[in-house]
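Just below is one structure, and these are the notes that go with it.
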Amino acid sequence: MTYEEAILRIVVHNAIHGRTTEEIKMTVEALEKQIRQRVEITDDCCICPNCRIDMMGVYDFSNYHTKAPSYCPECGQALDWSGD
């Protein structure tokens, strides 16, 4: 099961039963952060698609040994650096 499928099951199940609790909302938000989102890359910044933090200030990308982070250090969003 993918994260997308899990989110759909949770949302549909709880819509059918008329339930929307804070716990369900938090669960869906946490699952959504595990789905990789593409980083917005320009000449002078790398922006998290979720919290909009500029990660250029957090990581030294000028050092070729620095590996781009898999998750945003601010909000935990899974990141896609493919740039496609």
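Going from atom CG of D44 over to atom CG of D54 covers 7.5 Å, rounded to the nearest 0.5 Å. With rounding to the nearest 0.5 angstrom, the CE atom of M56 is 8.5 Å from the CG atom of D43. With rounding to the nearest 0.5 angstrom, the SG atom of C72 is 10.0 Å from the CD1 atom of I47. Atoms SG and CH2, on C46 and W81 in that order, are 4.5 Å from each other to the nearest 0.5 Å. Considering OG1 of T27 and CD of E32, their distance stands at 11.0 Å, rounded to 0.5 Å. In this structure, I41 CD1 and M55 CE are separated by 8.0 Å, a value rounded to the nearest 0.5 Å.
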message = One pair to check against side-chain contact (heavy atoms from CB on, under 4.5 Å): D80 and V39. What are the steps and the verdict?
response = CA-CA 6 Å; D80 174 3; V39 175; 6.0 Å; no
message = Using side-chain contact (heavy atoms from CB on, under 4.5 Å), reason through Q77 and C51 one step at a time and then give a plain yes or no.
response = CA-CA 8 Å; Q77 174 67 53; C51 71; over 6 Å; no
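Here salt bridge (Lys or Arg N to Asp or Glu O under 4.0 Å) pairs that include residues 4-14, with residues two or more places apart or in two chains, number zero.
The salt bridge (charged side-chain N to carboxylate O under 4.0 Å, His left out) test applied to R52 returns E40, not counting sequence neighbours. Qualifying salt bridge (charged side-chain N to carboxylate O under 4.0 Å, His left out) partners for E74, counting only residues two or more places apart in sequence or in other chains: none.
Under a cutoff of 6.0 Å and an axis angle of 45°, R36 and Y3 do not form a cation-pi pair.
Note on I35: it clusters hydrophobically with V28, by side-chain heavy-atom contacts below 4.5 Å among ILVMFWY residues. Note on L31: it clusters hydrophobically with I24, by side-chain heavy-atom contacts below 4.5 Å among ILVMFWY residues.
Closest of all the heavy-atom pairs between C75 and K33 is O-NZ, 2.7 Å. Across all non-hydrogen atoms, the minimal contact from A78 to Q34 is CB-O, 3.7 Å.
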